[in-house]
Amino acid sequence: MVEKEFVKDIPSKSEDFSAWYTAVIRKAGLADYTSLKGCMVIKPYGFALWENVRNALDKRIKETGHQNAYFPLFIPESLLKKEAEHVEGFAPEVAWVTHGGKEELEERLAVRPTSEAIICSIYSKWVRSYRDLPILINQWANVVRWEKVTRLFLRTTEFLWQEGHTVHRTKEEAQEETLRMLNVYKDLLETELAIPVISGQKTEREKFAGALKTYSIEALMGDGKALQAGTSHNLGQHFAKVFDIKFLDEDQKEKYAWQTSWGVSTRLIGAIIMVHGDDYGLILPPKIAPIQSVIVPIFKKNTKEFVLSKAREIKDVLKGIRVELDDREEYTPGWKFNEWELKGVPLRIEIGPRDIEKGNVVLVRRDTRKKVVSPIAEVKNRVGELLDIIQNDLFLKARRFVEDNTHYVEDYGKFKKTIEEKKGFIIAPWCGSSECEEKIKEETKATIRNIPLAKVKEGRGKCIYCGKETDLYVYFARAY
RNA sequence: CGGGGCGUAGCGCAGUUUGGUUAGCGCACCUGCCUUGGGAGCAGGGGGUCGGAGGUUCGAGUCCUCUCGCCCCGACCA
């Protein structure tokens, strides 16, 4: 393994996952630190990746009938305080604005940690009749949460996200919306990001501050820890009651509205890195890769024009695919191979004099690093096919990883051993009590990720902690 | 916020224990030649005031105090 030496720049994924994660982000040019704690710069390559994720989701959000809008960054303290549970949940991490210029403000302003409060206060003005419903609005925004421990993409002080806020006439409609958006997230992750997820309901203890029910999609990272990748909340009438969002229904009775909110963030970038990456760096799913294919021409001085003109022809042929021609002369082909692998470009096209003579190019998959030869005449089809295959294989590989790292356990001793030694998801029976949940967390650091929507096991078992009979089988894991 | 580790050139590090003249090394960068099928080679060159502030001292990267930031492990969170 002489090649091993060439990737000495980044730590090994298996030996030091955290160091590997940070190194990949920085070396691949996704993000950088600033002098402000927890505030990162998303660099152009990283932002292009986010834009692709965002566009794929935005399309789905609109297809399900929502419109984008924008609400203010600042939330007056009095508004934030209206919903008691909500403010209690977020108070520890709210950043406050106390001055405007030199003047001290009469009322402090929260920099939004999430926008329920400000949006609900506006919605109360918009809703009068059942004919005003539903309100289906989404906003793309930044939010700020003063976290104590931060990590690039996974938990930053300021982060970018999308938050949907909807208002409905009935309880059923709100619940339907909550699950619809959870499904949209699942589809986004699985179809575009090639990340398999477990969708399910959060426990009381883990639900969103102020929600009636919270649902999540949970993904499994390469180190066996779970990541909450998206949440969808059925807010019930909690916010409607404190913000006075009510309407006159068809039956001429005044009723409080039913609401939902749902969001995913730039944390998804972290998930992409941790699910697919390897010791050579990033591996990006073709559908969201900023560059899907890179052409690396191989030439000597006397073959330069010959090779480059052919390479440009190929680039033209590949119109419709996000392709880049790396014609820099200051780097050798080998150097470029390594760099593009680090940056996770799904497919590399190598073309040199020897290939051209035979009428071929060499195609190299990033995920498997396997080379195949393709006739130049067929390159467009082959590249298209390969990108589809890579997309699909990445998902299958990730799904196999989840399967291999999901353990059924019915015994607490075994549970502790499994979480310690094998990591990953553990499916186990749980009685439904917060006490057992809390104890298990204290003793094992594992939390209930969610109660899966899809039944994972028939029949009844005994709660692994208290032994009480139950038919609830839930997902446990240590999480980010 | 508790425990631990660490901030010296863009990156990775040595030097700090035992203060001593112009602070080193590798990579990267610039110039030239030469090269280009898995991180090429040679020659020459530029760049740091040692995270920041204060202090001790004839003298501080090195000692003391405070502070900011990063990483890991916990408690908290998308």
Side-chain angles (χ1 to χ4, degrees), chain A residues 1-11 16-23 26-27 32-40 89-94 113-114 143-163 185 202 205-206 208-209 214 216-219 226-233 261-271 280-281 296-304 307-308 326-342 348 350-356 360-362 364 369 371 441-442 445 447 478-480:
Chain A
M1 288 299 267
V2 180
E3 283 184 39
K4 262 294 178 200
E5 292 182 17
F6 297 140
V7 267
K8 58 184 181 281
D9 307 31
I10 54 175
D16 190 343
F17 194 82
S18 287
W20 169 85
Y21 176 76
T22 307
R26 304 191 67 190
K27 301 259 176 194
D32 212 345
Y33 291 109
T34 66
S35 55
L36 247 75
K37 175 179 155 62
C39 296
M40 65 170 179
F90 281 100
E93 51 196 60
V94 171
T114 179
V143 286
V144 168
R145 296 183 187 176
W146 219 261
E147 301 285 356
K148 289 172 179 147
V149 177
T150 57
R151 238 159 172 303
L152 292 172
F153 288 111
L154 297 180
R155 189 176 300 111
T156 45
T157 301
E158 177 186 4
F159 58 94
L160 304 182
W161 78 345
Q162 144 290 304
E163 47 181 328
Y185 290 155
K202 283 291 193 185
R205 199 182 163 282
E206 301 271 334
F208 178 73
T214 288
S216 74
I217 50 170
E218 303 281 335
L227 183 78
Q228 179 170 306
T231 48
S232 185
H233 316 290
S261 71
W262 26 272
V264 299
S265 72
T266 34
R267 173 177 260 198
L268 291 179
I269 305 296
Y280 297 95
V296 178
I298 297 152
F299 51 78
K300 302 190 178 182
K301 194 174 272 175
N302 58 338
T303 53
K304 181 179 156 190
V307 173
L308 276 182
D326 186 355
D327 56 4
R328 291 176 295 178
E329 291 185 45
E330 62 271 34
Y331 297 112
T332 63
W335 193 95
K336 293 176 183 175
F337 297 164
N338 283 286
E339 185 183 46
W340 291 114
E341 283 174 4
L342 180 57
R348 180 170 76 239
E350 301 176 7
I351 179 164
R354 295 206 304 255
D355 306 306
I356 297 174
N360 290 335
V361 291
V362 177
V364 190
R369 301 177 79 245
K371 301 188 176 191
K441 186 181 177 186
E442 273 174 29
K445 292 173 220 156
T447 50
R478 285 183 182 163
Y480 274 97

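Each chain gets a letter, A, B and so on, in the order the sequences are listed, and its residues count up from 1.
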field: Interatomic distance at C1', B:rU16 relative to B:rC76, whole Å
entry: 37 Å

statement: Scanning all shown strands, the Watson-Crick or wobble mate of B:rG2 with both distances under 3.5 Å is B:rC73

message: I need the CD-P distance between A:E93 and B:rC77, as an integer number of Å.
response: 8 Å

- request: Could you please name the partner base of B:rA60, counting Watson-Crick and G-U wobble pairs only when both distances are under 3.5 Å?
  value: none

- prompt: Which of these nucleotides, B:rU36, B:rA78, B:rC72, is closest to any side-chain atom of A:E329?
  reply: B:rU36

message: Can you identify which nucleotide, out of B:rU36, B:rG37, B:rC76, has its nearest atom closest to the A:R354 side chain?
response: B:rG37

query: Rounding to the closest angstrom, what is the interatomic distance between B:rU18 and B:rG5 at atom C1'?
result: 24 Å

A:K37 NZ to B:rU67 P, straight-line distance once rounded to whole Å: 16 Å

message: Among B:rC29, B:rU36, B:rG38, which nucleotide has an atom closest to any side-chain atom of A:Y331?
response: B:rC29

message: Considering every strand and a 4.0 Å limit on heavy-atom distances, what is the contact class for A:G38: base, sugar-phosphate, or nothing?
response: sugar-phosphate

task: Determine the contact category for A:K445: base if any of its heavy atoms lies under 4.0 Å from a base atom, sugar-phosphate if only primed atoms, P, OP1 or OP2 are that close, otherwise nothing.
output: sugar-phosphate

- request: Can you tell me, in whole Å, how much space there is between the P of B:rC64 and that of B:rG20?
  value: 15 Å

- prompt: Quantified in whole Å, what is the C1' atom distance between nucleotide B:rG55 and nucleotide B:rA9?
  reply: 28 Å

- request: Look at the side chain of A:R26 and the base of B:rG10, then say whether one donor and one acceptor between them are separated by less than 3.5 Å.
  value: no

query: With a 4.0 Å cut-off, would you call A:R155 and A:E93 a salt bridge?
result: no

task: Report yes or no: is the cationic atom of A:R369 (NZ for Lys, CZ for Arg) under 6.0 Å from the centre of the six-membered ring of A:Y280, at an angle within 45° of the ring normal?
output: yes

- prompt: Parallel under 30°, tilted from 30 to 60°, perpendicular over 60°: which one fits the rings of A:F159 and A:W161?
  reply: perpendicular

- request: Output the single nucleotide from B:rC76, B:rG37, B:rA75 whose closest atom is nearest the side chain of A:E350.
  value: B:rG37

statement: Among the nucleotides B:rA78, B:rG38, B:rG74, whichever has the atom closest to the side chain of A:E147 is B:rA78

Complementary nucleotide of B:rC50, counting Watson-Crick and G-U pairs under 3.5 Å: none

- request: Mind calculating the distance between CZ (A:R267) and P (B:rC77) to the nearest angstrom?
  value: 12 Å

field: First of A:F299 and A:F159 reached from the 5' end of RNA chain B, by closest nucleotide
entry: A:F299

field: Rounded distance in Å - OH (A:Y33) to P (B:rG51)
entry: 18 Å

- prompt: Say you pick atom P in B:rG61 and the same atom in B:rG54; how far apart are they, in whole Å?
  reply: 14 Å

- request: Determine the Euclidean distance between corresponding C1' atoms of B:rA60 and B:rU56; express it in Å to zero decimal places.
  value: 10 Å

- request: Give none if B:rA14 has no partner; otherwise give the nucleotide forming a Watson-Crick or G-U wobble pair with it, both distances under 3.5 Å.
  value: none

query: Which whole number of Å gives the distance between the C1' atom of B:rC50 and that of B:rG15?
result: 10 Å

message: Whole angstroms only, please: what is the CD-C1' distance between A:E330 and B:rG41?
response: 17 Å

message: Can you measure A:E339 atom CD to B:rA28 atom P for me and round it to whole angstrom units?
response: 13 Å

query: Rounding to the closest angstrom, what is the interatomic distance between B:rU62 and B:rC70 at atom P?
result: 23 Å

query: So, is A:R151 near the phosphate of B:rC72, with a side-chain N or O under 4.0 Å from OP1 or OP2?
result: yes

- prompt: Do A:E442 side-chain and B:rG74 base share a donor-acceptor contact under 3.5 Å?
  reply: no

field: Side-chain donor/acceptor of A:R267 to backbone N/O of A:L154, under 3.5 Å
entry: yes

message: Please verify the inter-ring angle class for A:F208 with A:H233; under 30° counts as parallel, over 60° as perpendicular, anything in between as tilted.
response: parallel

task: Identify whether any heavy atom of A:K371 sits under 4.0 Å from a base atom; if not, whether one sits that close to sugar-phosphate; answer base, sugar-phosphate or nothing.
output: base

query: Using 4.0 Å as the upper bound for N to carboxylate O, is an ion pair formed by A:E218 and A:K202?
result: yes

message: Regarding A:R205 and A:T447, do their side chains bring together a donor and an acceptor under 3.5 Å, going by distance alone?
response: no

field: Minimum-distance nucleotide to A:R155 side chain [options: B:rG69, B:rC77, B:rA75]
entry: B:rC77

field: Sugar-phosphate, base or nothing in reach of A:T150, heavy atoms under 4.0 Å
entry: sugar-phosphate

task: Measure the distance from CG on A:N302 to P on B:rU36 and round it to the nearest whole Å.
output: 9 Å

query: Mapping A:E158 and A:R478 onto RNA chain B by nearest heavy atom, which one lands closer to the 5' end?
result: A:R478

- prompt: Can you tell which of B:rU36, B:rG38, B:rC77 lies closest to the side chain of A:P333?
  reply: B:rU36

- prompt: If you check every side-chain atom of A:T332, which of B:rG39, B:rA78, B:rG38 has the closest atom?
  reply: B:rG39

message: Nearest to the A:S18 side chain among B:rC71, B:rG38, B:rU36, which nucleotide is it?
response: B:rC71

message: For the CH2 atom on A:W335, are there more than 12 heavy atoms of other groups (residues, nucleotides or ligands in this structure) within a distance under 6.0 Å?
response: yes

query: Across the strands shown, which category fits A:V143 at heavy-atom distances under 4.0 angstrom: base, sugar-phosphate, nothing?
result: nothing

message: Strictly by Watson-Crick or wobble contacts shorter than 3.5 Å, is anything paired with B:rC42, and which nucleotide is it?
response: B:rG32

- request: Rounded to the nearest angstrom, tell me the gap between atom NZ in A:K148 and atom P in B:rC72.
  value: 18 Å

Opposite nucleotide pairing with B:rU22, Watson-Crick or G-U, both atom distances under 3.5 Å: none

message: Taking the minimum atom-to-atom distance to the side chain of A:K27, which one of B:rC72, B:rG37, B:rC11 wins?
response: B:rC11

